Protein chains: 2
Amino acid sequence: MNDLAPNSDSTQTDTELAYGSIRDDIIQGHLQPGSKLKVADLRARYSVGAAPLREALSRLVGDRLVVQQTQRGFRVKEASPADVEDVGRVRNLLECEALRESLLSGKDDWEARVVASYHRLTLAEGRSKSPENLRELELRNNEFHEALVSATQSRWLLELRAQVYHHHERYRYLSRTKKNSSRDTAAEHAAIYDAVIRRDVKEACALTTDHIDRTTKSASEAMSS
Amino acid sequence: MNDLAPNSDSTQTDTELAYGSIRDDIIQGHLQPGSKLKVADLRARYSVGAAPLREALSRLVGDRLVVQQTQRGFRVKEASPADVEDVGRVRNLLECEALRESLLSGKDDWEARVVASYHRLTLAEGRSKSPENLRELELRNNEFHEALVSATQSRWLLELRAQVYHHHERYRYLSRTKKNSSRDTAAEHAAIYDAVIRRDVKEACALTTDHIDRTTKSASEAMSS
DNA sequence: CATCGATAAAATTTCGAAAATCACCACTTT
DNA sequence: AAAGTGGTGATTTTCGAAATTTTATCGATG
(Lines give C-alpha, C1' and ligand atoms only; values in the text may rest on other atoms or scores of the structure.)
Protein backbone atom coordinates (compact mmCIF):
# COMPACT_ATOMS: atom_id res chain seq x y z
CA MET A 1 0.00 0.00 0.00
CA ASN A 2 1.61 3.19 -1.17
CA ASP A 3 0.48 6.16 0.81
CA LEU A 4 1.67 9.19 -1.08
CA ALA A 5 0.29 11.79 1.28
CA PRO A 6 2.00 10.46 4.38
CA ASN A 7 -0.09 11.24 7.38
CA SER A 8 -3.11 13.15 6.27
CA ASP A 9 -6.57 11.80 6.88
CA SER A 10 -7.46 12.85 3.36
CA THR A 11 -8.66 9.36 2.60
CA GLN A 12 -10.48 10.51 -0.47
CA THR A 13 -12.53 7.86 -2.16
CA ASP A 14 -12.56 7.49 -5.94
CA THR A 15 -16.17 8.60 -6.04
CA GLU A 16 -15.38 11.81 -4.18
CA LEU A 17 -12.41 12.47 -6.41
CA ALA A 18 -14.46 11.98 -9.56
CA TYR A 19 -17.30 14.06 -8.12
CA GLY A 20 -15.03 17.01 -7.40
CA SER A 21 -13.22 16.84 -10.72
CA ILE A 22 -16.29 16.53 -12.91
CA ARG A 23 -18.03 19.23 -10.92
CA ASP A 24 -15.15 21.63 -11.41
CA ASP A 25 -14.87 20.78 -15.10
CA ILE A 26 -18.55 21.44 -15.65
CA ILE A 27 -18.47 24.73 -13.78
CA GLN A 28 -15.35 25.91 -15.57
CA GLY A 29 -16.80 24.93 -18.92
CA HIS A 30 -14.25 22.25 -19.74
CA LEU A 31 -17.22 19.98 -20.13
CA GLN A 32 -19.59 21.86 -22.38
CA PRO A 33 -23.29 22.36 -21.69
CA GLY A 34 -25.40 19.65 -23.22
CA SER A 35 -22.44 17.43 -24.03
CA LYS A 36 -22.71 13.71 -23.54
CA LEU A 37 -20.96 12.17 -20.57
CA LYS A 38 -19.91 8.70 -21.68
CA VAL A 39 -18.58 6.51 -18.95
CA ALA A 40 -15.86 5.14 -21.22
CA ASP A 41 -14.52 8.62 -21.98
CA LEU A 42 -14.73 9.79 -18.40
CA ARG A 43 -13.05 6.62 -17.18
CA ALA A 44 -10.06 7.54 -19.29
CA ARG A 45 -10.13 11.22 -18.42
CA TYR A 46 -10.24 10.82 -14.66
CA SER A 47 -8.77 7.32 -14.37
CA VAL A 48 -11.40 5.83 -12.11
CA GLY A 49 -13.67 2.84 -12.56
CA ALA A 50 -17.18 2.86 -13.93
CA ALA A 51 -18.88 2.35 -10.59
CA PRO A 52 -17.43 5.35 -8.73
CA LEU A 53 -17.94 7.39 -11.88
CA ARG A 54 -21.62 6.61 -12.06
CA GLU A 55 -22.03 7.37 -8.38
CA ALA A 56 -20.34 10.71 -8.86
CA LEU A 57 -22.62 11.49 -11.80
CA SER A 58 -25.66 10.51 -9.77
CA ARG A 59 -24.67 12.99 -7.08
CA LEU A 60 -24.26 15.66 -9.73
CA VAL A 61 -27.78 14.93 -10.93
CA GLY A 62 -28.92 15.92 -7.47
CA ASP A 63 -26.93 19.14 -7.82
CA ARG A 64 -28.65 19.71 -11.16
CA LEU A 65 -25.35 20.06 -12.95
CA VAL A 66 -26.00 16.80 -14.78
CA VAL A 67 -29.19 15.36 -16.19
CA GLN A 68 -29.84 11.69 -16.65
CA GLN A 69 -32.09 10.25 -19.34
CA THR A 70 -33.37 6.78 -18.71
CA GLN A 71 -31.36 4.22 -20.63
CA ARG A 72 -29.45 6.86 -22.52
CA GLY A 73 -26.94 8.11 -20.12
CA PHE A 74 -25.80 11.38 -18.63
CA ARG A 75 -25.42 14.84 -20.12
CA VAL A 76 -24.09 18.13 -18.85
CA LYS A 77 -26.98 20.42 -18.00
CA GLU A 78 -27.89 22.74 -20.86
CA ALA A 79 -27.16 26.45 -20.62
CA SER A 80 -29.55 29.09 -21.88
CA PRO A 81 -30.33 32.77 -21.46
CA ALA A 82 -33.59 31.83 -19.78
CA ASP A 83 -31.78 29.67 -17.27
CA VAL A 84 -29.22 32.33 -16.31
CA GLU A 85 -32.00 34.76 -15.64
CA ASP A 86 -33.69 32.16 -13.52
CA VAL A 87 -30.52 31.28 -11.64
CA GLY A 88 -29.79 34.95 -11.06
CA ARG A 89 -33.25 35.59 -9.75
CA VAL A 90 -33.16 32.74 -7.26
CA ARG A 91 -29.64 33.58 -6.18
CA ASN A 92 -30.85 37.07 -5.42
CA LEU A 93 -33.71 35.79 -3.37
CA LEU A 94 -31.58 33.44 -1.30
CA GLU A 95 -28.52 35.60 -0.99
CA CYS A 96 -30.36 38.73 0.08
CA GLU A 97 -32.32 36.86 2.71
CA ALA A 98 -29.14 35.37 4.14
CA LEU A 99 -27.27 38.65 3.89
CA ARG A 100 -30.02 40.48 5.73
CA GLU A 101 -29.84 38.10 8.63
CA SER A 102 -26.07 38.22 8.69
CA LEU A 103 -26.05 41.99 8.92
CA LEU A 104 -28.57 41.92 11.74
CA SER A 105 -26.99 39.19 13.79
CA GLY A 106 -23.35 38.79 12.73
CA LYS A 107 -20.88 38.83 15.61
CA ASP A 108 -17.19 39.66 15.80
CA ASP A 109 -15.95 36.44 14.27
CA TRP A 110 -18.29 36.83 11.31
CA GLU A 111 -17.09 40.38 10.79
CA ALA A 112 -13.48 39.25 11.01
CA ARG A 113 -14.16 36.61 8.39
CA VAL A 114 -15.69 39.20 6.09
CA VAL A 115 -12.71 41.52 6.53
CA ALA A 116 -10.21 38.75 5.89
CA SER A 117 -11.95 37.35 2.83
CA TYR A 118 -12.41 40.83 1.38
CA HIS A 119 -8.72 41.50 1.86
CA ARG A 120 -7.79 38.32 0.03
CA LEU A 121 -10.23 39.21 -2.73
CA THR A 122 -8.66 42.63 -3.27
CA LEU A 123 -5.22 41.03 -3.45
CA ALA A 124 -6.43 38.66 -6.13
CA GLU A 125 -8.14 41.48 -8.00
CA GLY A 126 -4.85 43.36 -8.09
CA ARG A 127 -3.02 40.63 -9.95
CA SER A 128 -2.72 40.30 -13.70
CA LYS A 129 -5.43 38.33 -15.43
CA SER A 130 -3.60 35.15 -16.33
CA PRO A 131 -5.73 32.02 -16.62
CA GLU A 132 -4.67 30.69 -13.25
CA ASN A 133 -5.07 34.05 -11.60
CA LEU A 134 -8.59 34.11 -12.94
CA ARG A 135 -9.25 30.81 -11.24
CA GLU A 136 -7.78 32.23 -8.04
CA LEU A 137 -10.00 35.26 -8.40
CA GLU A 138 -13.05 33.05 -8.77
CA LEU A 139 -12.12 31.22 -5.58
CA ARG A 140 -11.67 34.45 -3.62
CA ASN A 141 -14.91 35.81 -5.00
CA ASN A 142 -16.70 32.70 -3.80
CA GLU A 143 -15.15 32.98 -0.35
CA PHE A 144 -16.08 36.63 -0.05
CA HIS A 145 -19.71 36.13 -0.95
CA GLU A 146 -19.87 33.09 1.27
CA ALA A 147 -18.43 35.01 4.18
CA LEU A 148 -21.01 37.76 3.76
CA VAL A 149 -23.95 35.41 4.26
CA SER A 150 -22.26 33.03 6.70
CA ALA A 151 -23.84 34.46 9.85
CA THR A 152 -27.31 33.20 9.06
CA GLN A 153 -28.75 30.49 11.28
CA SER A 154 -30.22 28.70 8.31
CA ARG A 155 -28.19 25.76 7.01
CA TRP A 156 -30.70 25.33 4.21
CA LEU A 157 -30.31 28.89 3.05
CA LEU A 158 -26.55 28.46 2.94
CA GLU A 159 -26.60 25.17 1.11
CA LEU A 160 -29.20 26.16 -1.46
CA ARG A 161 -27.42 29.46 -1.98
CA ALA A 162 -24.16 27.62 -2.59
CA GLN A 163 -25.79 25.32 -5.11
CA VAL A 164 -27.31 28.16 -7.07
CA TYR A 165 -24.14 30.20 -6.77
CA HIS A 166 -22.16 27.50 -8.54
CA HIS A 167 -24.59 27.50 -11.43
CA HIS A 168 -24.20 31.24 -11.68
CA GLU A 169 -20.45 30.75 -11.57
CA ARG A 170 -20.65 28.38 -14.52
CA TYR A 171 -22.37 31.04 -16.56
CA ARG A 172 -19.64 33.47 -15.64
CA TYR A 173 -17.06 31.07 -17.02
CA LEU A 174 -19.15 30.42 -20.12
CA SER A 175 -19.38 34.12 -20.88
CA ARG A 176 -15.75 34.84 -20.18
CA THR A 177 -14.82 34.70 -23.86
CA LYS A 178 -16.68 37.94 -24.41
CA LYS A 179 -14.80 40.76 -22.76
CA ASN A 180 -17.62 42.19 -20.77
CA SER A 181 -16.65 45.69 -21.44
CA SER A 182 -17.57 48.33 -19.00
CA ARG A 183 -17.68 46.60 -15.68
CA ASP A 184 -15.69 47.29 -12.56
CA THR A 185 -16.42 44.37 -10.28
CA ALA A 186 -13.72 45.46 -7.86
CA ALA A 187 -15.61 48.71 -7.30
CA GLU A 188 -18.86 46.79 -6.86
CA HIS A 189 -17.25 44.58 -4.24
CA ALA A 190 -15.84 47.62 -2.49
CA ALA A 191 -19.26 49.24 -2.31
CA ILE A 192 -20.87 46.09 -0.96
CA TYR A 193 -18.08 45.68 1.57
CA ASP A 194 -18.53 49.23 2.73
CA ALA A 195 -22.28 48.89 3.20
CA VAL A 196 -21.84 45.59 5.00
CA ILE A 197 -19.34 46.98 7.49
CA ARG A 198 -21.71 49.85 8.14
CA ARG A 199 -24.45 47.25 8.62
CA ASP A 200 -26.64 49.11 6.18
CA VAL A 201 -29.10 46.37 5.30
CA LYS A 202 -31.01 48.18 2.60
CA GLU A 203 -27.92 49.43 0.84
CA ALA A 204 -26.06 46.13 1.07
CA CYS A 205 -28.98 44.16 -0.37
CA ALA A 206 -29.54 46.67 -3.14
CA LEU A 207 -25.89 46.65 -4.11
CA THR A 208 -25.72 42.86 -3.99
CA THR A 209 -28.79 42.62 -6.18
CA ASP A 210 -27.21 45.01 -8.67
CA HIS A 211 -24.00 43.02 -8.55
CA ILE A 212 -25.77 39.75 -9.26
CA ASP A 213 -28.00 41.26 -11.93
CA ARG A 214 -25.00 42.64 -13.78
CA THR A 215 -23.43 39.22 -13.89
CA THR A 216 -26.71 37.73 -15.05
CA LYS A 217 -27.12 40.32 -17.76
CA SER A 218 -23.57 39.96 -18.98
CA ALA A 219 -23.87 36.19 -19.21
CA SER A 220 -27.28 36.34 -20.81
CA GLU A 221 -26.09 38.72 -23.50
CA ALA A 222 -22.92 36.79 -24.18
CA MET A 223 -25.02 33.73 -24.70
CA SER A 224 -27.71 35.00 -27.02
CA SER A 225 -25.17 36.36 -29.50
CA MET B 1 -39.02 -11.20 -22.17
CA ASN B 2 -42.07 -10.66 -19.99
CA ASP B 3 -43.48 -7.21 -20.34
CA LEU B 4 -46.07 -6.84 -17.64
CA ALA B 5 -47.17 -3.32 -18.51
CA PRO B 6 -48.04 -4.00 -22.11
CA ASN B 7 -47.45 -0.87 -24.07
CA SER B 8 -46.25 1.79 -21.69
CA ASP B 9 -42.84 3.34 -22.08
CA SER B 10 -42.40 3.03 -18.34
CA THR B 11 -39.05 1.35 -18.80
CA GLN B 12 -38.08 2.00 -15.26
CA THR B 13 -34.52 1.17 -14.44
CA ASP B 14 -33.59 -0.50 -11.17
CA THR B 15 -31.86 2.64 -10.02
CA GLU B 16 -34.98 4.71 -10.55
CA LEU B 17 -37.11 2.15 -8.80
CA ALA B 18 -34.81 2.05 -5.80
CA TYR B 19 -34.56 5.83 -5.79
CA GLY B 20 -38.30 6.27 -5.65
CA SER B 21 -38.88 3.58 -3.05
CA ILE B 22 -36.16 4.69 -0.67
CA ARG B 23 -37.21 8.29 -1.08
CA ASP B 24 -40.81 7.50 -0.20
CA ASP B 25 -39.76 5.35 2.73
CA ILE B 26 -37.59 8.12 4.13
CA ILE B 27 -40.30 10.75 3.71
CA GLN B 28 -42.95 8.55 5.26
CA GLY B 29 -40.68 7.66 8.15
CA HIS B 30 -40.41 3.95 7.39
CA LEU B 31 -36.69 4.54 7.36
CA GLN B 32 -35.99 6.44 10.53
CA PRO B 33 -33.93 9.61 10.78
CA GLY B 34 -30.28 8.88 11.46
CA SER B 35 -30.62 5.17 10.79
CA LYS B 36 -27.88 3.35 8.95
CA LEU B 37 -28.51 2.36 5.35
CA LYS B 38 -26.57 -0.85 4.79
CA VAL B 39 -26.42 -1.99 1.22
CA ALA B 40 -26.90 -5.61 2.25
CA ASP B 41 -30.15 -4.80 4.09
CA LEU B 42 -31.47 -2.56 1.36
CA ARG B 43 -30.61 -5.11 -1.29
CA ALA B 44 -32.95 -7.52 0.44
CA ARG B 45 -35.65 -4.96 1.14
CA TYR B 46 -35.95 -3.63 -2.39
CA SER B 47 -34.56 -6.62 -4.28
CA VAL B 48 -32.11 -4.75 -6.46
CA GLY B 49 -28.37 -5.09 -6.83
CA ALA B 50 -25.72 -3.14 -4.98
CA ALA B 51 -24.79 -0.94 -7.91
CA PRO B 52 -28.23 0.55 -8.64
CA LEU B 53 -28.74 0.86 -4.90
CA ARG B 54 -25.63 2.93 -4.41
CA GLU B 55 -26.55 5.12 -7.35
CA ALA B 56 -29.98 5.72 -5.89
CA LEU B 57 -28.45 6.61 -2.54
CA SER B 58 -26.01 8.97 -4.24
CA ARG B 59 -28.90 10.80 -5.85
CA LEU B 60 -30.61 11.05 -2.49
CA VAL B 61 -27.47 12.62 -1.08
CA GLY B 62 -27.99 15.36 -3.64
CA ASP B 63 -31.56 15.74 -2.38
CA ARG B 64 -30.19 15.97 1.18
CA LEU B 65 -32.41 13.14 2.33
CA VAL B 66 -29.34 10.95 2.83
CA VAL B 67 -25.88 11.78 4.10
CA GLN B 68 -22.75 9.88 3.20
CA GLN B 69 -19.73 9.56 5.45
CA THR B 70 -16.50 8.63 3.75
CA GLN B 71 -15.75 4.94 4.13
CA ARG B 72 -18.60 4.44 6.54
CA GLY B 73 -21.62 4.37 4.37
CA PHE B 74 -24.97 6.08 4.13
CA ARG B 75 -27.43 7.26 6.78
CA VAL B 76 -30.89 8.79 6.68
CA LYS B 77 -30.66 12.52 7.32
CA GLU B 78 -31.18 13.40 10.97
CA ALA B 79 -34.33 15.16 12.07
CA SER B 80 -34.32 17.91 14.66
CA PRO B 81 -36.48 20.80 15.86
CA ALA B 82 -33.84 23.19 14.55
CA ASP B 83 -34.01 21.62 11.10
CA VAL B 84 -37.81 21.78 10.83
CA GLU B 85 -37.73 25.44 11.68
CA ASP B 86 -35.09 25.93 9.03
CA VAL B 87 -37.00 23.92 6.45
CA GLY B 88 -40.19 25.81 7.23
CA ARG B 89 -38.48 29.15 6.92
CA VAL B 90 -36.97 28.37 3.53
CA ARG B 91 -40.17 26.82 2.27
CA ASN B 92 -41.95 30.03 3.18
CA LEU B 93 -39.42 32.09 1.32
CA LEU B 94 -39.60 30.02 -1.86
CA GLU B 95 -43.29 29.27 -1.81
CA CYS B 96 -44.42 32.85 -1.21
CA GLU B 97 -42.21 34.15 -3.97
CA ALA B 98 -43.59 31.59 -6.40
CA LEU B 99 -47.14 32.12 -5.23
CA ARG B 100 -46.87 35.86 -5.67
CA GLU B 101 -45.80 35.47 -9.27
CA SER B 102 -48.51 32.92 -9.94
CA LEU B 103 -51.22 35.23 -8.67
CA LEU B 104 -49.92 38.06 -10.80
CA SER B 105 -49.42 36.15 -14.01
CA GLY B 106 -51.47 32.95 -13.83
CA LYS B 107 -53.70 32.37 -16.83
CA ASP B 108 -56.85 30.33 -17.31
CA ASP B 109 -55.19 26.94 -17.43
CA TRP B 110 -53.35 27.66 -14.19
CA GLU B 111 -56.58 28.70 -12.53
CA ALA B 112 -58.31 25.58 -13.79
CA ARG B 113 -55.52 23.47 -12.37
CA VAL B 114 -55.89 25.18 -9.00
CA VAL B 115 -59.63 24.62 -8.99
CA ALA B 116 -59.31 20.97 -9.93
CA SER B 117 -56.59 20.17 -7.43
CA TYR B 118 -58.45 21.98 -4.67
CA HIS B 119 -61.53 19.96 -5.46
CA ARG B 120 -59.63 16.70 -5.24
CA LEU B 121 -58.10 17.87 -1.97
CA THR B 122 -61.50 18.59 -0.41
CA LEU B 123 -62.71 15.15 -1.46
CA ALA B 124 -59.72 13.55 0.23
CA GLU B 125 -60.21 15.69 3.31
CA GLY B 126 -63.76 14.43 3.59
CA ARG B 127 -62.78 10.79 3.87
CA SER B 128 -62.09 8.93 7.08
CA LYS B 129 -58.52 8.99 8.34
CA SER B 130 -57.40 5.48 7.61
CA PRO B 131 -53.66 5.00 6.98
CA GLU B 132 -54.07 4.78 3.23
CA ASN B 133 -56.46 7.69 3.11
CA LEU B 134 -53.84 9.68 4.95
CA ARG B 135 -51.37 8.85 2.22
CA GLU B 136 -53.94 9.91 -0.35
CA LEU B 137 -54.50 13.14 1.55
CA GLU B 138 -50.78 13.83 1.54
CA LEU B 139 -50.70 13.35 -2.23
CA ARG B 140 -53.61 15.72 -2.81
CA ASN B 141 -52.10 18.25 -0.45
CA ASN B 142 -48.89 18.12 -2.46
CA GLU B 143 -50.74 18.56 -5.74
CA PHE B 144 -52.72 21.51 -4.41
CA HIS B 145 -49.71 23.40 -3.15
CA GLU B 146 -47.85 22.58 -6.33
CA ALA B 147 -50.71 23.86 -8.45
CA LEU B 148 -50.78 27.14 -6.53
CA VAL B 149 -47.21 28.01 -7.41
CA SER B 150 -47.11 26.38 -10.82
CA ALA B 151 -47.59 29.56 -12.83
CA THR B 152 -44.18 30.96 -12.02
CA GLN B 153 -41.68 31.25 -14.85
CA SER B 154 -38.88 30.06 -12.62
CA ARG B 155 -37.98 26.39 -12.97
CA TRP B 156 -35.47 26.80 -10.16
CA LEU B 157 -38.04 28.16 -7.77
CA LEU B 158 -40.30 25.23 -8.50
CA GLU B 159 -37.62 22.58 -8.14
CA LEU B 160 -36.10 24.00 -4.99
CA ARG B 161 -39.54 24.48 -3.51
CA ALA B 162 -40.38 20.86 -4.26
CA GLN B 163 -37.20 19.65 -2.61
CA VAL B 164 -37.80 21.64 0.55
CA TYR B 165 -41.49 20.71 0.52
CA HIS B 166 -40.62 17.03 0.71
CA HIS B 167 -38.44 17.61 3.74
CA HIS B 168 -41.30 19.44 5.37
CA GLU B 169 -43.56 16.56 4.43
CA ARG B 170 -41.23 14.15 6.17
CA TYR B 171 -41.56 16.11 9.38
CA ARG B 172 -45.33 15.99 9.04
CA TYR B 173 -45.17 12.23 8.88
CA LEU B 174 -42.74 12.08 11.80
CA SER B 175 -45.06 14.13 13.98
CA ARG B 176 -48.19 12.25 13.01
CA THR B 177 -48.05 10.07 16.09
CA LYS B 178 -48.94 13.08 18.17
CA LYS B 179 -52.50 14.10 17.50
CA ASN B 180 -51.89 17.71 16.74
CA SER B 181 -54.90 18.88 18.55
CA SER B 182 -56.61 22.02 17.55
CA ARG B 183 -55.91 22.34 13.91
CA ASP B 184 -58.31 22.61 11.03
CA THR B 185 -56.13 22.30 7.96
CA ALA B 186 -59.18 22.00 5.73
CA ALA B 187 -60.27 25.46 6.82
CA GLU B 188 -56.77 26.79 6.24
CA HIS B 189 -56.78 25.38 2.73
CA ALA B 190 -60.19 26.87 2.09
CA ALA B 191 -59.02 30.30 3.18
CA ILE B 192 -55.93 30.11 0.98
CA TYR B 193 -58.00 28.92 -1.95
CA ASP B 194 -60.40 31.79 -1.52
CA ALA B 195 -57.65 34.40 -1.41
CA VAL B 196 -55.95 32.85 -4.43
CA ILE B 197 -59.08 32.89 -6.56
CA ARG B 198 -59.59 36.52 -5.58
CA ARG B 199 -55.95 37.10 -6.59
CA ASP B 200 -55.32 38.76 -3.27
CA VAL B 201 -51.54 38.52 -3.14
CA LYS B 202 -51.04 39.87 0.35
CA GLU B 203 -53.72 37.75 1.90
CA ALA B 204 -52.74 34.58 0.06
CA CYS B 205 -49.10 34.91 1.08
CA ALA B 206 -49.98 35.70 4.67
CA LEU B 207 -52.32 32.72 4.91
CA THR B 208 -49.79 30.42 3.28
CA THR B 209 -47.12 31.58 5.68
CA ASP B 210 -49.44 30.90 8.60
CA HIS B 211 -50.29 27.51 7.17
CA ILE B 212 -46.65 26.54 6.81
CA ASP B 213 -45.71 27.94 10.19
CA ARG B 214 -48.40 25.92 11.90
CA THR B 215 -47.07 22.75 10.37
CA THR B 216 -43.57 23.72 11.39
CA LYS B 217 -44.64 24.48 14.94
CA SER B 218 -46.61 21.29 15.27
CA ALA B 219 -43.70 19.17 14.04
CA SER B 220 -41.18 21.04 16.13
CA GLU B 221 -43.21 20.56 19.29
CA ALA B 222 -43.93 16.91 18.60
CA MET B 223 -40.22 16.38 18.22
CA SER B 224 -38.88 18.11 21.29
CA SER B 225 -41.13 16.13 23.62
C1' DC C 1 -35.57 9.13 -53.25
C1' DA C 2 -37.18 8.33 -48.99
C1' DT C 3 -38.58 4.89 -45.76
C1' DC C 4 -38.57 0.82 -43.47
C1' DG C 5 -36.47 -3.10 -41.20
C1' DA C 6 -32.85 -6.14 -40.00
C1' DT C 7 -28.39 -6.48 -38.30
C1' DA C 8 -24.14 -4.89 -36.17
C1' DA C 9 -21.83 -1.76 -33.13
C1' DA C 10 -21.78 1.12 -29.17
C1' DA C 11 -23.35 2.53 -24.82
C1' DT C 12 -25.89 1.94 -20.56
C1' DT C 13 -27.13 -0.74 -16.77
C1' DT C 14 -26.51 -4.50 -13.65
C1' DC C 15 -24.19 -8.41 -11.44
C1' DG C 16 -20.98 -11.19 -8.51
C1' DA C 17 -16.92 -11.09 -6.38
C1' DA C 18 -12.32 -9.02 -4.95
C1' DA C 19 -9.91 -5.34 -2.46
C1' DA C 20 -9.76 -1.92 1.06
C1' DT C 21 -11.40 -0.18 5.31
C1' DC C 22 -13.73 -0.12 9.58
C1' DA C 23 -15.72 -1.84 14.08
C1' DC C 24 -15.45 -4.80 17.69
C1' DC C 25 -13.35 -7.75 21.09
C1' DA C 26 -10.07 -10.13 23.67
C1' DC C 27 -5.52 -9.45 25.34
C1' DT C 28 -1.41 -7.29 27.04
C1' DT C 29 0.96 -3.52 29.36
C1' DT C 30 1.49 0.25 32.57
C1' DA D 1 -8.54 -0.20 36.13
C1' DA D 2 -7.05 2.69 31.84
C1' DA D 3 -4.91 2.63 27.74
C1' DG D 4 -2.84 0.74 23.98
C1' DT D 5 -2.39 -3.59 20.46
C1' DG D 6 -3.49 -6.89 17.25
C1' DG D 7 -6.66 -9.89 14.94
C1' DT D 8 -11.14 -11.14 13.02
C1' DG D 9 -15.63 -10.51 10.97
C1' DA D 10 -18.62 -7.16 8.88
C1' DT D 11 -19.13 -3.30 5.64
C1' DT D 12 -17.94 -0.22 2.22
C1' DT D 13 -15.84 0.54 -2.10
C1' DT D 14 -14.20 -0.86 -6.52
C1' DC D 15 -13.44 -3.90 -10.44
C1' DG D 16 -14.24 -6.65 -14.80
C1' DA D 17 -17.47 -8.57 -17.37
C1' DA D 18 -22.37 -10.04 -18.66
C1' DA D 19 -27.01 -8.57 -19.81
C1' DT D 20 -29.90 -5.17 -21.86
C1' DT D 21 -30.99 -1.30 -24.57
C1' DT D 22 -30.03 2.32 -27.74
C1' DT D 23 -27.82 4.01 -31.90
C1' DA D 24 -25.79 3.52 -36.37
C1' DT D 25 -25.26 1.00 -40.80
C1' DC D 26 -26.87 -0.75 -45.01
C1' DG D 27 -29.63 -2.78 -48.37
C1' DA D 28 -34.24 -3.75 -50.02
C1' DT D 29 -38.67 -2.02 -51.09
C1' DG D 30 -42.55 0.98 -52.31
Side-chain angles (χ1 to χ4, degrees), chain A residues 1-23 25-26 31-32 34-62 65-78, chain B residues 1-23 25-26 31-32 34-62 65-78:
Chain A
M1 226 281 265
N2 45 7
D3 201 345
L4 293 182
N7 201 9
S8 73
D9 60 347
S10 72
T11 322
Q12 207 180 18
T13 178
D14 281 14
T15 299
E16 290 169 327
L17 191 118
Y19 172 78
S21 305
I22 299 175
R23 186 170 188 267
D25 280 347
I26 291 176
L31 291 169
Q32 293 199 337
S35 66
K36 194 119 193 7
L37 295 167
K38 290 188 252 204
V39 289
D41 296 357
L42 298 181
R43 254 184 53 76
R45 196 202 245 250
Y46 302 103
S47 39
V48 296
L53 209 42
R54 288 182 60 88
E55 284 184 31
L57 289 172
S58 297
R59 283 247 310 259
L60 288 165
V61 170
L65 283 168
V66 167
V67 296
Q68 183 171 22
Q69 299 167 285
T70 310
Q71 304 281 40
R72 51 193 80 164
F74 301 89
R75 293 182 160 282
V76 178
K77 162 136 187 181
E78 291 283 0
Chain B
M1 223 286 133
N2 44 9
D3 201 345
L4 294 182
N7 200 8
S8 73
D9 60 347
S10 72
T11 323
Q12 209 179 19
T13 175
D14 282 13
T15 299
E16 290 169 327
L17 190 119
Y19 172 79
S21 305
I22 300 176
R23 185 168 187 268
D25 279 348
I26 291 177
L31 290 169
Q32 292 200 336
S35 67
K36 192 117 190 14
L37 295 166
K38 289 189 252 203
V39 287
D41 296 357
L42 298 181
R43 252 181 55 75
R45 195 200 244 250
Y46 302 104
S47 40
V48 296
L53 209 42
R54 288 181 60 88
E55 285 183 31
L57 290 171
S58 298
R59 282 243 314 255
L60 289 165
V61 170
L65 284 167
V66 167
V67 296
Q68 182 171 25
Q69 299 168 285
T70 309
Q71 304 283 38
R72 55 192 78 165
F74 301 89
R75 303 186 91 85
V76 178
K77 162 136 187 183
E78 291 283 1

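The chains referred to below are lettered A, B, ... by the order of the sequence lines, with proteins before strands, and numbering in each begins at 1. Keep in mind that what you see is a predicted model, and the values were worked out from it rather than measured.
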Does [N] have OP1 or OP2 under 4.0 Å away from a side-chain N or O of [X]?
{"X": "B:Lys36", "N": "D:dT12", "result": "yes"}
{"X": "A:Thr13", "N": "D:dT12", "result": "no"}
{"X": "A:Thr15", "N": "D:dT14", "result": "yes"}

Distance check needed: [N] [atom2] versus [X] [atom1], whole Å only.
{"X": "A:Phe74", "N": "C:dA11", "atom1": "CZ", "atom2": "C1'", "value": "12 Å"}
{"X": "A:Arg54", "N": "C:dT12", "atom1": "CZ", "atom2": "P", "value": "8 Å"}
{"X": "A:Arg75", "N": "D:dT23", "atom1": "CZ", "atom2": "C1'", "value": "12 Å"}
{"X": "A:Leu53", "N": "D:dT14", "atom1": "CG", "atom2": "C1'", "value": "12 Å"}
{"X": "B:Gln69", "N": "D:dT12", "atom1": "CD", "atom2": "C1'", "value": "12 Å"}

Select base, sugar-phosphate, or nothing to describe what A:Gln68 touches, counting heavy atoms under 4.0 Å on all strands. sugar-phosphate
Does the A:Arg75 side chain pair with the main chain of A:Gly34, one donor and one acceptor, at a distance under 3.5 Å? yes
Residue whose closest nucleotide on DNA chain D lies nearer the 5' end, A:Arg72 versus A:Arg43: A:Arg43
For A:Ala50 and for B:Gly73, find the nucleotide of DNA chain D with the closest heavy atom, then tell me which residue's nucleotide is more 5'.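 The residue mapped nearer the 5' terminus is B:Gly73.
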